[in-house]
Amino acid sequence: MIKVILIDDEPLARTVLKEYLLAYPEIEVVQECGDGFEGVKAINQHKPDLIFLDIQMPKINGFEMLELLEDAPSVIFTTAFDEYAIKAFETHAIDYLLKPFGKDRLDKALQKYLSNRVISQPEKTKTLELIEDVAQSPSQSQRVVVRIGGKIKIIPVHEILYFEADDDYVKIHTHEGFFLKNKTMAFFEKVLDSQQYVRVHRSFIIQIQLITRIDPYEKDGHIAVLKTGQKIPVSKTGYPKLKAVLGL
C-alpha cells in the first residue's frame, strides 16, 4: 500500500481529494491534517510515501512545513492561485495542482508519481531548490520557523538580534535565547533586508539598529557592541560593509 497524508486547512478540499483517491485501491490515506503543525507530527509518525500539501495555511505555510522535515516524502502541492509560488513550481519543474482541480488533473499528477515512485536525488534537490527560491519572496523573509524538540516556533525577523554560524546550522539569537536552523549564513545574507542586517564576519550577521558602538580590536579587527551587551567580532572585510550601511 502507498501511505498518503492530506495536509490542507480546508475540510471540503480534503474531502474532495479523498473521494478522488478512492479510485486508487493501492493508496491508503492514513491521516488528514488541517495545518502544518499537525502535518509535521503526522509525517514523523506515519512516514508516508506521498503527501498532498496545501501552500496557504494558517500558522505555518506548506513551504515552511517542509523546511522542518529531516526527510521529506514525495510531495504533490495543491494551491490557490499564487503568482510567485506557481512561477517557482514551473522554474524547478515541480508538479502542482491549481485549485480548484478536477479528477483528470489529479490523475495526471498521480500517474507521474506512480510511474516513478522512488524519490531520486534530483527530485529531492529540486524540492530543496524550490524551498530556497520561495524563501526569498517578501512574505517568506519576514519570519523564521524553527523546531524545538517536538514544538514549532515562529520567530519574526525583527526580533532576531544576530545570526551565528554553527557547523551545518545557524544559531538565531533572540532575547529568549538562541535557536538552531538548518540553513547557511549565505542563505540568510541573501534573504535578509540589507538595510536591517549586515554580515560583519564570516560567522556573524547582526541587526544594525542594535549597534551602540564599534571598538577597534587587535590589528585590523573591530568589535561591534550591541545594546544587549553582546560583543560581535567585525572582520577586516566586514568593517567596510558595516561602515557603508551606517553611513560612516
Side-chain angles (χ1 to χ4, degrees), residues 3-21 29-48 50-90 92 94-101 105-106 109 127-128 130-160 172 174-177 179-183 187-188 191-193:
K3 293 191 293 184
V4 169
I5 292 177
L6 313 182
I7 307 170
D8 195 312
D9 64 309
E10 300 175 20
L12 180 59
R14 298 198 306 269
T15 299
V16 171
L17 184 52
K18 195 160 61 170
E19 289 178 359
Y20 287 163
L21 292 174
V29 177
V30 294
Q31 190 168 336
E32 298 178 42
C33 303
D35 60 55
F37 286 10
E38 293 179 13
V40 171
K41 292 179 182 177
I43 291 168
N44 289 335
Q45 178 184 349
H46 295 287
K47 308 294 183 188
L50 172 68
I51 60 174
F52 285 87
L53 179 61
D54 187 21
I55 301 303
Q56 296 156 324
M57 296 185 290
K59 298 181 181 177
I60 59 173
N61 63 40
F63 296 120
E64 290 169 332
M65 193 210 80
L66 287 178
E67 279 190 54
L68 299 172
L69 299 175
E70 292 182 4
D71 191 16
S74 293
V75 185
I76 295 178
F77 293 93
T78 63
T79 181
F81 182 78
D82 182 314
E83 186 176 355
Y84 196 100
I86 289 173
K87 182 180 178 182
F89 289 138
E90 293 174 348
H92 299 286
I94 298 284
D95 202 11
Y96 67 96
L97 300 174
L98 184 61
K99 294 179 178 179
F101 55 85
R105 180 64 185 89
L106 172 66
T127 301
L128 290 173
L130 170 70
I131 295 170
E132 295 271 321
D133 189 351
V134 173
Q136 296 174 46
S137 68
S139 61
Q140 289 287 104
S141 59
Q142 297 306 305
R143 63 189 201 172
V144 178
V145 180
V146 296
R147 286 185 66 179
I148 313 165
K151 296 182 179 180
I152 295 169
K153 182 175 180 62
I154 299 170
I155 308 171
V157 164
H158 65 84
E159 293 182 5
I160 299 172
I172 298 169
T174 72
H175 288 291
E176 296 179 45
F179 306 92
L180 290 173
K181 183 72 174 179
N182 189 12
K183 290 286 186 184
F187 168 81
F188 283 114
V191 303
L192 291 168
D193 185 343

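The two residues D9 and Q56 come nearest to each other via the heavy atoms OD1-O, 3.4 Å. Of all heavy-atom pairs between P48 and P73, the closest is O-CB, 3.3 Å. Across all non-hydrogen atoms, the minimal contact from I43 to I5 is N-CD1, 3.9 Å.
Judged by distance alone, the side chain of R147 and the main-chain N or O of L68 form a donor-acceptor pair under 3.5 Å. Panel note: side chain E64, backbone I60; no donor-acceptor pair is recorded below 3.5 Å.
One finds the OG1 atom of T78 at 7.0 Å from the CD1 atom of I55 (value rounded to the nearest 0.5 Å). Here T79 contributes atom OG1 and M57 contributes atom CE; the two are 10.0 Å apart, rounded to the nearest 0.5 Å. Between the CD1 atom of I7 and the CZ atom of F37 there is a distance of 13.0 Å, given to the nearest 0.5 Å. Rounded to the nearest 0.5 angstrom, K99 NZ and E10 CD are separated by 4.0 Å. Taking CG from L98 and CD1 from I86, the interatomic distance works out to 4.5 Å, rounded to the nearest 0.5 Å. Between L106 atom CG and L97 atom CG the span is 6.0 Å, to the nearest 0.5 Å.
Atom NZ of K59 has 12 or fewer heavy atoms from other residues, nucleotides or ligands within 6.0 Å.
The list of side-chain hydrogen bond (donor to acceptor under 3.5 Å, both in side chains) pairs with a residue in residues 11-20, not counting sequence neighbours, reads R14-E32, K18-E32.
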task = Could you walk me through whether K181 and V144 pass the side-chain contact (heavy atoms from CB on, under 4.5 Å) test, one step at a time?
result = CA-CA 8 Å; K181 183 72 174 179; V144 178; 4.1 Å; yes
request  = List the steps and the verdict of side-chain contact (heavy atoms from CB on, under 4.5 Å) for I51 and M65.
outcome  = CA-CA 12 Å; I51 60 174; M65 193 210 80; 4.1 Å; yes
request  = Please report the C-alpha distance between K41 and D35 in whole Å, then the side-chain angles of each, then the deciding distance to 0.1 Å, and finally whether the salt bridge (charged side-chain N to carboxylate O under 4.0 Å, His left out) criterion is met.
outcome  = CA-CA 10 Å; K41 292 179 182 177; D35 60 55; over 6 Å; no
request  = Run the numbers on F188 and I160 for side-chain contact (heavy atoms from CB on, under 4.5 Å), then give the verdict.
outcome  = CA-CA 12 Å; F188 283 114; I160 299 172; over 6 Å; no
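Contacts of K3 classified as salt bridge (charged side-chain N to carboxylate O under 4.0 Å, His left out), with partners at least two apart in sequence or in another chain: none.
Ring planes of Y96 and F89: parallel class, angle under 30° (limits at 30 and 60°).
Proximity of D8 to L17: side-chain heavy atoms (C-beta onward) are nowhere separated by under 4.5 Å. Considering only heavy atoms from C-beta on, L21 comes within 4.5 Å of L6 through its side chain.
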